[in-house]
Amino acid sequence: MKKEFLDLGKQPIANGFLNKDDFNNEFLFDLKAVYDEDTKLISLKEFVAPEMMFNENYAYHASMSETMKNHFKSLAENLQKEFKPINVLEIGSNDGIFIRHFDPDKTIAVEPCSNFAEMTNDMEYKTYPEFWTKELSKLIKQDNGTMDLIYSANCICHVHDLDDTFTAVENLLSDDGIFVFEDPSLIRMMERGSYDQLYDEHAHIFSVTALQNILIKNDLEIFRVDNLSVHGGSNRIYVKSIHNRYQEIESSVEDNLSRENKFGLNDFKTYQIFSDRVQKSKEDLVSTLKKLKQDGKKVIAYGAASKVTTVFNYCGIDESLVEYITDTTPSKIGKYQPGTHIPIVSPDDGFDETVDVAYLGAWNFRTEIMNKETDYLSRGGKFITHVPQVMMFS
Ligand code: JHZ
């Protein structure tokens, strides 16, 4: 049985940046979160059709951050060193940030956003411009044989039908093949109050517990979990077929399961407490921004992340409180934030000496941004965040 615990109101497509012409017929849906008592999975109550989010206009470029470029480079090197995969496949390859470190002759990409599929095709990686399904997995096996490594970052949590996805993976793994994927971690979201991990794309926020319950139904099991700091706290899950005897199940699996249980992730009450905290976060953020406005401060936002769409729409923050949002992504600049219609400008045009306070939308890149924005900080500029609670810092 699924139980609702959080209502983040009417929300638009988080990465659906708008032109002025689009304002009048914007799609909105009810962003609510539910807890499944059987599998312990946290999901959205209402799923948005994948084609509405992942298409030729998809705006999120993973390579906009140095942190993420380094993250995927070192992961690719480590996987090659430890597992020595020959045939490799990535599900949701975005701009090729990960596969660029693998041999194009032996590496295949699956990417339904055609703007990005074209990019990796141009990089000589055979790219299937489609959604990952059982049918596609059969076709890839027929064309290319089985895979020694199937990898996916920030994509499996987008998938509505996890059983279909996992069966498709199981079908394509070689005898000693492994499936490695990473997505935002539920326990980190709960610890940090980062409710903005919830938006249309994130159909689920995974705990290790829920993944174990669902993977096993599809003849797959977790043999290692890495806890990562990226994207506000993620888990990298290493999976093998239950028939694969090459990999031992490591202690990190049990460690994560017991930490989650101790935290209360298997208890509905924990989610109700989280919901109260989210409500308080909203009140604190709005009152802080209103006070800054009254004091005559110029407030903008830094980073038009998907997460900011959730926060600003949930909190009812518009141009009267935040003048504009700066972002480095070329396809976002000159457009408007979904729902609130706050303008997006390039940092060169908007992150200047007139800014007093910047809401740090890309709070997950706090270290990278603080290291970069030393001029702003040294002239007294401040940041504001809601993670783990609403606060200003410099
Ligand atoms: P960022 C996306 O979420 C969507 P988002 C997706 N669903 C997902 O799961 C995660 O990624 C992983 C900008 N920026 O990465 C770039 C600057 O302007 O937190 C981005 O637009 N200056 C796939 O959208 C945004 O901020 C900078 O210095 O929440 C950050 O978005 C830096 C570092 C970033 O992902």
Side-chain angles (χ1 to χ4, degrees), residues 11-17 44 48 50 52-54 58-72 90-95 97-98 111-113 116 152-159 181-186 188-189 194-206 228-236 300-313 324-335 337-338 342 344-351 355 358-377 383 385-387:
Q11 292 277 350
I13 301 289
N15 266 310
F17 293 89
L44 301 189
V48 173
M52 291 185 70
M53 301 179 279
F54 307 111
Y58 191 58
Y60 175 72
H61 272 243
S63 299
M64 284 296 121
S65 149
E66 290 306 314
T67 312
M68 293 317 294
K69 284 203 263 186
N70 296 334
H71 170 83
F72 287 115
E90 185 177 18
I91 306 170
S93 42
N94 195 264
D95 56 11
I97 189 168
F98 173 75
E111 175 51 70
C113 304
F116 289 114
S152 189
N154 302 303
C155 176
I156 301 301
C157 74
H158 297 172
V159 168
F181 66 102
E182 60 190 73
D183 289 287
S185 145
L186 178 65
R188 293 301 283 142
M189 178 183 100
S194 49
Y195 66 90
D196 49 344
Q197 294 287 8
L198 293 160
Y199 49 91
D200 56 348
E201 290 178 23
H202 287 178
H204 320 279
I205 303 291
F206 293 137
L228 311 171
S229 60
V230 292
H231 286 300
S234 299
N235 286 329
R236 181 176 297 142
I300 63 143
Y302 190 113
S306 324
K307 298 182 286 288
V308 186
T309 301
T310 293
V311 175
F312 284 9
N313 282 281
Y324 51 80
I325 307 173
T326 63
D327 199 286
T328 49
T329 314
S331 59
K332 296 184 186 178
I333 295 166
K335 298 214 168 165
Q337 192 193 37
I342 299 175
I344 320 280
V345 305
S346 81
D348 288 346
D349 292 338
F351 199 59
V355 176
Y359 168 77
L360 188 57
W363 54 264
N364 43 314
F365 295 119
R366 181 165 164 167
T367 309
E368 178 175 338
I369 292 167
M370 296 291 276
N371 288 338
K372 193 162 68 173
E373 302 302 353
T374 46
D375 285 354
Y376 173 71
L377 293 165
F383 286 103
T385 180
H386 68 284
V387 178

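Since this is a predicted model, take the numbers as computed values, not measurements. Counting convention: from 1, in listed order, for ligands and their atoms alike. The figures here come from the full heavy-atom set of this structure, side chains too, leaving out hydrogens, waters and symmetry mates.
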message = Can you see whether Tyr60 engages Glu201 through a side-chain donor-acceptor pair at a distance of less than 3.5 angstrom?
response =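 Not at all, the side chains of Tyr60 and Glu201 share no donor-acceptor pair under 3.5 Å.
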query = So, Asp348 versus Ser346: side-chain donor-acceptor pair below 3.5 Å or not?
reply =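 The answer is no; no qualifying pair exists.
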Identity and separation of the nearest protein heavy atom to [atom]:
| atom | result |
| --- | --- |
| atom 31 (O) of ligand 1 | Ala305 CB, 3.5 Å |
| atom 4 (C) of ligand 1 | Tyr199 OH, 3.4 Å |
| atom 13 (C) of ligand 1 | Asp327 OD2, 3.2 Å |
| atom 9 (O) of ligand 1 | His202 NE2, 2.7 Å |
| atom 5 (P) of ligand 1 | Ser306 OG, 3.3 Å |
| atom 17 (C) of ligand 1 | Thr328 OG1, 3.4 Å |
| atom 34 (C) of ligand 1 | Phe365 CD1, 4.3 Å |

Under 4.0 Å from a heavy atom of [X]: which atoms of ligand 1 are those, numbered in the order shown and with their elements?
| X | answer |
| --- | --- |
| His231 | 12 (C), 15 (O) |
| Lys307 | 1 (P), 5 (P), 19 (O), 29 (O), 35 (O) |
| Gly303 | 26 (O) |
| Glu368 | 33 (C) |
| Ile369 | 28 (O) |

Ligand 1 contacted by Tyr58 (non-hydrogen, < 4.0 Å) = yes
query = Within less than 4.0 angstrom of ligand 1, does His158 place any heavy atom?
reply = yes
request  = Closest by any non-hydrogen atom to atom 15 (O) of ligand 1: pick that one out of Tyr60, Tyr302, Phe351.
outcome  = Tyr60
message = Counting only heavy atoms, tell me which of Met64, Lys372, Lys332 gets closest to atom 21 (O) of ligand 1.
response =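 When every heavy atom of Met64, Lys372, Lys332 is considered, Lys332 comes closest to atom 21 (O) of ligand 1.
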Are [X] and [Y] packed together at the side-chain level, in the sense that at least one heavy-atom pair is separated by less than 4.5 angstrom?
| X | Y | result |
| --- | --- | --- |
| Phe312 | Ile342 | yes |
| Asp183 | His202 | no |
| Val308 | Trp363 | no |

task = Supply the atom-to-atom distance Ile369 CD1 to Leu377 CG, rounded to the nearest 0.5 angstrom.
result =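 Ile369 CD1 to Leu377 CG: 11.0 Å, rounded to 0.5 Å.
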task = Using a 4.0 Å heavy-atom cut-off, say whether Ala362 meets ligand 1 through its side chain, its backbone, both or neither.
result =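 Contact part for Ala362 vs ligand 1: side chain (C-beta onward).
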ask   = What part of Thr329, side chain from CB on, backbone N/CA/C/O, both or neither, has a heavy atom under 4.0 Å from ligand 1?
value =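 Side chain only.
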Can you tell me how the ring of [X] sits relative to the ring of [Y], calling it parallel under 30°, perpendicular over 60° and tilted otherwise?
| X | Y | result |
| --- | --- | --- |
| Tyr359 | His386 | parallel |
| His158 | Phe54 | parallel |
| His204 | Phe206 | parallel |

task = Would you check whether Glu201 has a nitrogen or oxygen atom less than 3.5 angstrom from a nitrogen or oxygen atom of ligand 1?
result =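 Min N/O separation from ligand 1 is below 3.5 Å for Glu201.
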task = Evaluate side chain to side chain contact (heavy atoms under 4.5 Å, CB included) for Thr310 paired with Gln11, printing each intermediate quantity in order.
result = CA-CA 7 Å; Thr310 293; Gln11 292 277 350; 4.3 Å; yes
task = For the pair Arg366 and Val387, evaluate side chain to side chain contact (heavy atoms under 4.5 Å, CB included) and give the outcome as yes or no after the intermediate values.
result = CA-CA 11 Å; Arg366 181 165 164 167; Val387 178; over 6 Å; no
message = Please determine whether side chain to side chain contact (heavy atoms under 4.5 Å, CB included) holds for the pair Glu66 and Lys69, giving the CA-CA distance in whole Å, both sets of side-chain angles, and the decisive distance to 0.1 Å.
response = CA-CA 5 Å; Glu66 290 306 314; Lys69 284 203 263 186; 3.2 Å; yes
